[in-house]
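Order of the sequence lines fixes the chain letters, A, B, ..., with proteins taken first and strands second; residue numbering starts at 1 for each chain. What you are looking at is a predicted structure, and each value in this text was computed from that prediction instead of being measured.
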Amino acid sequence: MIQAPRGTRNFPPDEMAYRRWAEGIMRRNAELFGYGEVSTPAFESLELFTLKSGPGIIDEIYAFKDKGGRDLALRPELTAPVMRMVVNSMRSAPKPIKLFYLGNCFRYDRPQSGRYREFFQFGVEVISAGTPAADAEIIALAIKNIRDLGLEDFRVKIGHIGVLRGLISGLEKGVQTSVLQALDREEYDSLSSMVSDDVAGRLLNLIRLKGDASVLDSLGDEAAHLRKVMEHLSLYGYEKYCTIDMSVVRGLDYYTGMVFEIEAPILGAEKQICGGGAYSLAKLLGGGDLPSTGFAIGFDRVLLALEKAGKRPEIPSRVIYLLRAGNVPSNEMVKLAADLRNSGIAVDFPLADKSLSKGMKYASAMRYPHVVIMGEDEWKDGKITLRDMSTGKQETLSVEDLIARFS
RNA sequence: GCCGGGGUGGGGUAGUGGUAUCCUAUGGGACUGUGGAUCCUUCGACCCGGGUUCAAUUCCCGGUCCCGGCCCCA
């Protein structure tokens with residue numbers, strides 16, 4: 001028996017229905033915010049991913065040579081590919097460019113709860129904006145997505161990596177990275193070996209700032225941007241989910257300004273379901289300097305959180321099941337199915353002779369909401385019996401009425 | 001890459017040094033208009049490889065996959 005590779009999954013129909021439902025919510029919301037969907041290749045030049053993170057990440061991605069000797073990689077994330085697309089072919093698009101995407105990504109990681117080798121990300125990017133309004137819109141869209149799925153227990157932590165960088169801008173580039181890494185991993189003790197006591201103290205004071213917008217008061221003008229972001233978020237009505245947390249440091253070095261993370265505590269160790277912020281990546285890829293903001297939602301993790309919270313919805317079927325009774329010819333059933341399908345009505349019928357009771361059983365097991373019985377008596381008059389499977393109620397109606405009801 | 005716990009039909013399980021229990025699901029039938037029930041029946045499993053043994057699903061070693069944790073998390 002051949003198994004799916006480690007860290008990958010199969011999605012049977014009920015699972016896909018659930019996923020498509022969630023996708024639909026996120027797609028509609030992105031469109032409500034004026035974003036357009038894009039798609040990029042599943043594999044890219046390896047260099048696209050080593051550019052910003054160094055060759056070290058090759059250990060963590062699926063990298064390979066193709067038959068022409070090219071160094072390629074399955075995409076480990078979608079921000080860089082989308083930015084590559086922007087730089088390649090959307091340079092003269094009207095600004096700002098607002099894009100969203102949903103796609104599979106691949107990482108060579110140890111699988112565990114909520115972590116797979118093939119996983120799915122939903123993300124958005126607003127390119128060439130960089131304003132508080134853009135940052136706030138991105139956070140608001142992330143929140144709306146998560147909330148509209150039905151998840152209630154989550155929190156948004158908003159920080160600003162630019163303020164942190166300002167404190168250490170005088171240091172060597174390598175040291176800056178080490179400091180940010182230490183802060184990201186919450187290894188605060190190691191700071192003293194990298195920077196002066198004075199700087200370490202100011203860093204520690206800064207990352208202690210947590211709470212509502214009033215904690216920004218102590219930062220003065222540096223925090224004007226974040227104050228405006230928070231103001232916008234309350235206009236969206238989302239202030240209750242958001243807290244300022246200056247200790248939020250995203251792992252990537254291309255983040256430049258506002259950064260945020262969303263956590264679902266119910267998930268335990270792998271609780272982060274969304275991350276994003278303001279970044280400058282286009283320049284690295286050979287484009288102009290395009291201040292951008294984006295986020296990526298861990299699609300699988302959000303769905304996992306929903307399930308753990310008992311909020312996974314039943315996705316109802318809309319298929320009508322056709323059955324014959326008496327001596328109605330099977331060709332007439334096929335013809336009726338074709339007519340209904342041409343009217344946009346989802347229809348299924350037995351592909352082999354099946355007794356009425358077996359047919360009912362099948363319809364029930366498939367959770368079809370309605371069965372149409374083409375009984376000999378009513379079919380003589382061009383009518384059918386419509387059975388509501390949840391109530392068991394039946395009525396006799398003409399094919400025209402049936403089409404009118406469901407199309 | 002590291003540590004720990006696991007792996008018995010499609011799903012869920014019982015049990016054992018002499019190849020295996022039950023439930024459920026699936027296929028067929030009883031039953032040719034409503035029988036989504038009931039009953040009968042078929043199919044179907046000891047993760048893989050090596051070792052010990054007369055004999056391994058059981059014991060040992062390695063691998064693999066799953067679960068949890070560490071590292072990492074662009």
Side-chain angles (χ1 to χ4, degrees), chain A residues 1-10 12 14 44 46 48-63 73-83 105-117 119 121 123 177 180-181 184-185 187 249-255 259 261 267-277 279 281 284 294 296 298 301 321-328 352-380 384-396:
Chain A
M1 173 100 74
I2 297 170
Q3 313 243 353
R6 180 169 166 78
T8 66
R9 292 157 294 163
N10 299 309
D14 58 339
E44 295 271 1
L46 177 60
L48 176 62
F49 304 112
T50 53
L51 254 186
K52 55 173 183 170
S53 318
I57 63 149
I58 294 178
D59 291 341
E60 293 154 41
I61 71 184
Y62 280 91
L74 298 182
R75 58 189 179 189
E77 50 110 16
L78 286 163
T79 300
V82 167
M83 290 309 291
C105 300
F106 307 85
R107 293 186 191 178
Y108 198 84
D109 255 343
R110 172 83 168 72
Q112 50 184 277
S113 179
R115 178 189 261 183
Y116 305 94
R117 287 185 169 177
F119 59 99
Q121 276 193 348
T177 303
L180 290 176
Q181 270 176 5
D184 190 26
R185 294 175 194 163
E187 293 166 356
V249 180
R250 309 241 57 226
L252 289 166
D253 11 290
Y254 57 69
Y255 284 105
V259 288
E261 293 177 348
L267 289 179
E270 303 287 339
K271 67 185 174 188
Q272 192 184 320
I273 54 176
C274 177
Y279 60 88
L281 187 54
L284 254 181
R301 283 194 191 169
Y321 199 55
L322 255 44
L323 288 170
R324 290 178 296 142
N327 287 319
V328 175
D353 279 342
K354 192 172 268 194
S355 71
L356 189 61
S357 72
K358 286 283 191 214
M360 296 291 278
K361 195 175 176 188
Y362 185 81
S364 171
M366 295 295 290
R367 292 200 220 91
Y368 290 156
H370 297 281
V371 168
V372 160
I373 298 163
M374 304 171 71
E376 196 173 349
D377 296 340
E378 61 273 29
W379 187 244
K380 281 189 305 222
I384 52 84
T385 298
L386 176 67
R387 180 180 179 89
D388 182 315
M389 294 299 276
S390 58
T391 63
K393 287 203 174 112
Q394 300 192 167
E395 55 189 311
T396 300

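Atom-to-atom, CG of D353(A) to C1' of G33(B) comes out at 15 Å; the value is rounded to the nearest Å. To the nearest angstrom, C1' of U34(B) lies 13 Å from CG of L386(A). Put simply, CG on D14(A) is 14 Å from C1' on G10(B), counting in whole angstrom units.
Comparing atom distances between the R107(A) side chain and each of A74(B), G35(B), U26(B) picks out A74(B) as nearest. Considering only the side chain of R115(A), C73(B) comes nearest among C73(B), G33(B), A74(B). Listed nucleotides: C66(B), C73(B), U34(B). Nearest to the side chain of Q394(A): U34(B). The listed nucleotides are A37(B), C66(B), C73(B); the one nearest the side chain of K361(A) is A37(B). Side-chain proximity of Q112(A) to the nucleotides G69(B), G36(B), C73(B) is greatest for G69(B). Counting only heavy atoms from C-beta on, S364(A) has its side chain closest to G36(B) among G33(B), C71(B), G36(B). For L356(A), the listed nucleotide lying nearest its side chain is U34(B); candidates were U34(B), A74(B), C65(B). The nucleotide whose nearest atom lies closest to any side-chain atom of K358(A) is, among C72(B), G29(B), C65(B), G29(B).
On a pure distance criterion of 3.5 Å, no polar donor-acceptor pair joins the side chain of E60(A) and the base of G1(B). Between the side chain of R110(A) and the base of G68(B), a donor-acceptor pair under 3.5 Å is found. Between the base of G33(B) and the side chain of R387(A) there is no donor-acceptor pair shorter than 3.5 Å.
Taking 4.0 angstrom as the limit, R6(A) places a side-chain polar atom (N or O) nearer than this to OP1 or OP2 of C66(B). Between S357(A) and U34(B) there is no side-chain polar atom (N or O) within less than 4.0 angstrom of OP1 or OP2.
The same atom, P, is picked in G4(B) and in C39(B); the two are 49 Å apart, to the nearest Å. One P atom belongs to G49(B), the other to C65(B), and the distance between them is 16 Å to the nearest Å. Taking atom C1' on both G6(B) and G12(B), the two are 16 Å apart, rounded to the nearest angstrom. C61(B) and U19(B) are spaced 23 Å apart, taking the C1' atom of each and rounding to whole Å. Atom name C1', nucleotides G10(B) and G51(B): the rounded distance is 33 Å, in whole Å.
A salt bridge does not link K358(A) to D353(A): none of the charged nitrogens lies less than 4.0 Å from a carboxylate oxygen.
Note that R117(A) lies outside the cation-pi zone of F106(A), set by a 6.0 Å cut-off to the ring centre and a 45° limit from the axis.
Both distances falling under 3.5 Å, in either a Watson-Crick or a G-U wobble arrangement, place G4(B) opposite C67(B).
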